[in-house]
Asks: 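Quick one: structure below, then a few questions.
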Protein chains: 2
Amino acid sequence: MRAIIASRNSILRLSKYKNALNRFQKLGYVRVFSDILADAVGGTSAQVRKDFSLFGIKGNKRGGYNADELLGKLNDILGKNTRQSVIIAGAGKIGMALVKYKGFENEGISIVAAFDIDPAKIRQGGDIPVFPLDELKAFVKTNDIRIGIIAVPDIAAQQVFEIMVSSGIKGVLNFAPIRLKETADVVVNNVNVELELENVIYFVNALERTGSK
Amino acid sequence: MRAIIASRNSILRLSKYKNALNRFQKLGYVRVFSDILADAVGGTSAQVRKDFSLFGIKGNKRGGYNADELLGKLNDILGKNTRQSVIIAGAGKIGMALVKYKGFENEGISIVAAFDIDPAKIRQGGDIPVFPLDELKAFVKTNDIRIGIIAVPDIAAQQVFEIMVSSGIKGVLNFAPIRLKETADVVVNNVNVELELENVIYFVNALERTGSK
DNA sequence: CGTTAAAAGTGAAAAAAATCACAAAAAAGT
DNA sequence: ACTTTTTTGTGATTTTTTTCACTTTTAACG
Ligand SMILES: NC(=O)c1ccc[n+]([C@@H]2O[C@H](COP(=O)([O-])OP(=O)(O)OC[C@H]3O[C@@H](n4cnc5c(N)ncnc54)[C@H](O)[C@@H]3O)[C@@H](O)[C@H]2O)c1
Ligand SMILES: NC(=O)c1ccc[n+]([C@@H]2O[C@H](COP(=O)([O-])OP(=O)(O)OC[C@H]3O[C@@H](n4cnc5c(N)ncnc54)[C@H](O)[C@@H]3O)[C@@H](O)[C@H]2O)c1
């Protein structure tokens, strides 16, 4: 399999095409066209074709793309053919919402354990265990985990990040509203809800002021 | 106050500068320079200055920016001088995590009510009440709410979105992993956790394959 | 079959975003 | 007071991303 250098945005778009395609497939579609995919994800058909072109995905002129085949290729590129195991640091409000969320399993993502410093949060009984933070390193190493989610308070985030990295974690999804001091060869994506909300508020206000148009 | 057309990304950067600045201010900084701001948010000093330039923010040559003054201007631009009231649809795992989150208040954002169709979720006692979904429209109208958060299952999201829009909501933060059929003059930002996680996974795998470099 | 029409594929063009690089200002030093 | 040094502010340039527009292929139809 060839690894292709691509921007974060183009990969996000591939994921969106894949998700749209899954829905189309459930609806019985056998063929899909660049324009309906564009529609489904909010882009243009030219961009869909360009994206595919970049990854060497070929369709049939006048015949569009075979849904199964296209989905297969996208899953391949996105690495959806092997299940991914993920751990979470922080079994608080967000952390537990994620732990209990059913949506990841269908995406081939399994949250296998959570870790917390608060002894009151430790719980081995349930479906997904919550262990003491001390055990994170050993767990990650013995289970060869490569992806972690940070759902601890902002003051603790950098420290937890470093523990994760030193344990062998290679990719992190960070919910704490701070910028992690990044390390080469560790991928970090941030989910910053405050920022997104603030952004919505800005544009609502801006539109209102310009609204006279 | 002048409304300036700017890209989503440049506004996101302004928010990040503002957040960094808040921290610097707490640490006692009186002056800040473009390069330390760049550092704090992970950009370049030229970009910081360009962003400020676009919004007519002036510093002092060789003297940097006065922290208080800069913060004031950013808050102004971002509309942080008036508190924003926000409602949530869906009092489930994510919805309640947001309701209970303390971090919004310091950001001038107040979550004032949640709404759910499940009678078991209705609860007026607490700090932030959970009302039946039917009451959303009236609540939004009488309280003149302009911002809503969607935290309902994906199948319900479009319908809830339409209720919000018809009630007068002008901006939406959507946690459901679907694309809302958007309406002109309503701002929609999406928080798609699956997508972000999938993206991390992609790049971890891609780096690994290229890693031999 | 042959013709028509639809859709992919893709260089070229345009637009948008980021970076450069340097003049101008002014704080700090001497 | 004068010089040096630092940092801003911003046109110009470069890079990246998106869109355009046209060629090619082929499914569909008569
Ligand atoms: N709750 C939300 O809706 C929300 C929204 C936006 C951002 N966030 C961010 O997500 C993060 C978590 O928020 P939350 O609301 O779930 O907080 P929370 O307080 O409910 O949970 C945090 C958990 O982390 C644990 N913890 C603290 N230090 C730790 C450490 N060093 N190692 C392991 N665990 C540790 C705590 O014991 C607690 O269980 C915060 O950074 C917050 O800013 C949360
Ligand atoms: N929990 C997570 O960590 C997580 C992660 C990623 C995405 N999401 C997305 O966030 C959304 C909410 O997820 P969740 O885990 O909180 O689900 P949940 O099932 O815990 O909560 C959903 C809530 O919405 C309510 N609801 C259903 N239909 C409604 C309607 N028409 N009007 C008002 N309320 C309605 C339900 O009664 C329930 O209380 C989903 O779209 C999910 O895909 C959640």
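The chains referred to below are lettered A, B, ... by the order of the sequence lines, with proteins before strands, and numbering in each begins at 1. Because only heavy atoms are used, hydrogens play no part in the values below, and waters and symmetry mates are left out as well, while side chains stay in.
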Asks: Nearest to the B:S7 side chain among C:dA17, D:dT17, C:dA27, which nucleotide is it?
Replies: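 The listed nucleotide nearest to B:S7's side chain is C:dA17.
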Asks: Just how far, in rounded Å, is P of D:dT19 from CG of A:D35?
Replies: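 Going from CG in A:D35 over to P in D:dT19 covers 15 Å.
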Asks: Could you tell me whether a side-chain N or O of A:E198 sits under 3.5 Å from a main-chain N or O of B:L78, the two making a donor and an acceptor?
Replies: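 No, because the side chain of A:E198 does not come within donor-acceptor range (under 3.5 Å) of the backbone of B:L78.
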Asks: Among C:dA26, C:dA7, D:dT10, which nucleotide sits nearest the side chain of B:K58?
Replies: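 For the B:K58 side chain, the nearest candidate turns out to be D:dT10.
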Asks: What is the distance, rounded to the nearest whole Å, between atom CG of B:L12 and atom P of C:dA17?
Replies: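 The distance from CG of B:L12 to P of C:dA17 comes to 12 Å, rounded to the nearest Å.
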Asks: Which heavy atom in A:E194 sits nearest to a heavy atom in B:Y101, and how many Å separate them?
Replies: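 What the structure gives for the nearest pair is OE2-OH, 2.8 Å.
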Asks: With heavy atoms under 4.0 Å as the rule, sort A:I36 into base, sugar-phosphate or nothing.
Replies: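 No contact.
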Asks: Between A:S34 and C:dA7, is there a contact of a side-chain N or O with OP1 or OP2 at under 4.0 Å?
Replies: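 For C:dA7, OP1/OP2 do not have a side-chain N/O of A:S34 under 4.0 Å.
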Asks: Give one of base, sugar-phosphate or nothing for A:N60, where a contact means two heavy atoms less than 4.0 Å apart.
Replies: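 Contact class for A:N60: sugar-phosphate only.
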Asks: Spell out yes or no: do the side chain of B:R62 and the base of C:dA28 have one donor N/O and one acceptor N/O closer than 3.5 Å?
Replies: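 Between C:dA28 and B:R62, which were checked side chain against base, a qualifying N/O pair under 3.5 Å is absent.
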Asks: Look at A:R31 together with A:E69 and state whether they make a salt bridge at an N to O cut-off of under 4.0 Å.
Replies: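 Salt bridge absent between A:R31 and A:E69.
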Asks: Whole Å only: how far is the CZ atom of A:F33 from the P atom of C:dA7?
Replies: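 Taking atom P of C:dA7 as the reference, CZ of A:F33 is at 5 Å.
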Asks: Could you give me the CA-CA distance, side-chain angles and deciding distance for A:S110 and A:Q84, then say whether side-chain hydrogen bond (donor to acceptor under 3.5 Å, both in side chains) is met?
Replies: CA-CA 6 Å; A:S110 300; A:Q84 277 290 343; over 6 Å; no
Asks: For C:dA17, does OP1 or OP2 lie under 4.0 Å from any side-chain N or O of B:R13?
Replies: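 Looking at the OP1 and OP2 atoms of C:dA17, neither is under 4.0 Å from any side-chain N or O of B:R13.
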Asks: Below 4.0 angstrom, which residues in residues 39-51 of chain A have at least one non-hydrogen atom near DNA chain C?
Replies: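 The answer is A:R49, A:K50.
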Asks: Whole-Å distance between D:dT16 P and B:N9 CG?
Replies: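 One finds 16 Å between P of D:dT16 and CG of B:N9, rounded.
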Asks: The side chain of A:Y65 lies closest to which of these nucleotides: C:dT10, C:dG9, D:dT8?
Replies: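 For A:Y65, the side-chain atoms sit closest to C:dG9.
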Asks: Could you give the NZ-to-P distance, from A:K61 to D:dT25, as a whole number of Å?
Replies: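 Taking atom P of D:dT25 as the reference, NZ of A:K61 is at 6 Å.
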Asks: Which nucleotide sits closest to the side chain of A:R31: C:dA28, D:dA27, C:dA8?
Replies: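 Nearest nucleotide to the side chain: D:dA27.
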Asks: Identify which one of B:V188, B:I147, B:V86, B:N189 satisfies the side chain to side chain contact (heavy atoms under 4.5 Å, CB included) criterion when paired with B:L173.
Replies: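 Answer to the side chain to side chain contact (heavy atoms under 4.5 Å, CB included) test with B:L173 among B:V188, B:I147, B:V86, B:N189: B:N189.
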Asks: Can you measure A:E69 atom CD to C:dA8 atom P for me and round it to whole angstrom units?
Replies: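 Taking atom P of C:dA8 as the reference, CD of A:E69 is at 14 Å.
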Asks: What's the CD1-C1' distance between A:I11 and D:dT17, to the nearest Å?
Replies: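 After rounding, the gap between these two atoms is 15 Å.
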Asks: Do any N or O atoms from the side chain of B:D154 and from the backbone of B:I178 form a donor-acceptor pair under 3.5 angstrom?
Replies: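 A pair under 3.5 Å: no.
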Asks: Any non-hydrogen side-chain atom of A:D185 less than 4.5 Å from a side-chain atom of A:K170?
Replies: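 A:D185 vs A:K170: side chains touch.
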Asks: Rounding to a whole Å, what distance do you find between B:R8:CZ and C:dA17:C1'?
Replies: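 Rounding to the nearest Å, CZ of B:R8 and C1' of C:dA17 are 15 Å apart.
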Asks: Please name the pair of heavy atoms, one in B:A91 and one in B:V130, separated by the smallest distance, quoted to 0.1 Å.
Replies: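 The answer is CB-CG1, 3.8 Å.
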Asks: Report which part of the nucleic acid B:F52 touches: base, sugar-phosphate, or nothing (heavy-atom distance under 4.0 Å, all strands).
Replies: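 Result for B:F52 = nothing.
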